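Worksheet: the structure to be examined is printed underneath.
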Amino acid sequence: MVSSTQQFERIRRRKKTTSGKRNKRELRRIGTPAFPIHPEGYSASAADAKRKKA
């Protein structure tokens with residue numbers, strides 16, 4: 001039979017892990033909003049400009 005201390009340590013560790021996963025998931029959802037990489041008025045002759053399709 002497992003001691004109560006060992007049992008509660010396992011339970012606490014499991015709860016900490018699952019709450020961390022939940023927190024990470026929520027933060028990921030809130031994360032950085034989508035924004036344009038090359039906004040309007042960006043120079044087409046710049047070194048990192050998008051290539052125009054022929």
Side-chain angles (χ1 to χ4, degrees):
M1 190 165 152
V2 178
S3 70
S4 65
T5 306
Q6 193 174 21
Q7 188 175 357
F8 281 110
E9 282 176 359
R10 280 189 190 143
I11 292 168
R12 280 191 213 105
R13 191 177 331 129
R14 187 179 66 231
K15 285 183 176 184
K16 197 188 324 183
T17 304
T18 56
S19 68
K21 286 179 188 174
R22 199 171 298 128
N23 188 32
K24 286 177 206 170
R25 191 178 303 130
E26 288 172 9
L27 289 173
R28 220 180 301 138
R29 196 177 68 232
I30 297 167
T32 309
F35 58 91
I37 297 171
H38 297 296
E40 294 301 318
Y42 185 78
S43 173
S45 62
D48 62 344
K50 287 183 180 177
R51 304 278 182 237
K52 289 194 176 189
K53 294 181 180 176

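Source: prediction; values computed, not measured.
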CD of Gln7 to CE of Met1: how many Å apart, nearest 0.5 Å? 7.5 Å
Here the gap from Arg25 atom CZ to Arg28 atom CZ, rounded to the nearest 0.5 Å, amounts to 7.0 Å
In the hydrophobic clustering (ILVMFWY, side-chain contacts below 4.5 Å, transitive), which residues join Phe8, or is it alone? Ile11
So if I apply the side chain to side chain contact (heavy atoms under 4.5 Å, CB included) rule between Thr17 and each of Lys21, Lys15, Arg14, which one comes out positive? Lys21
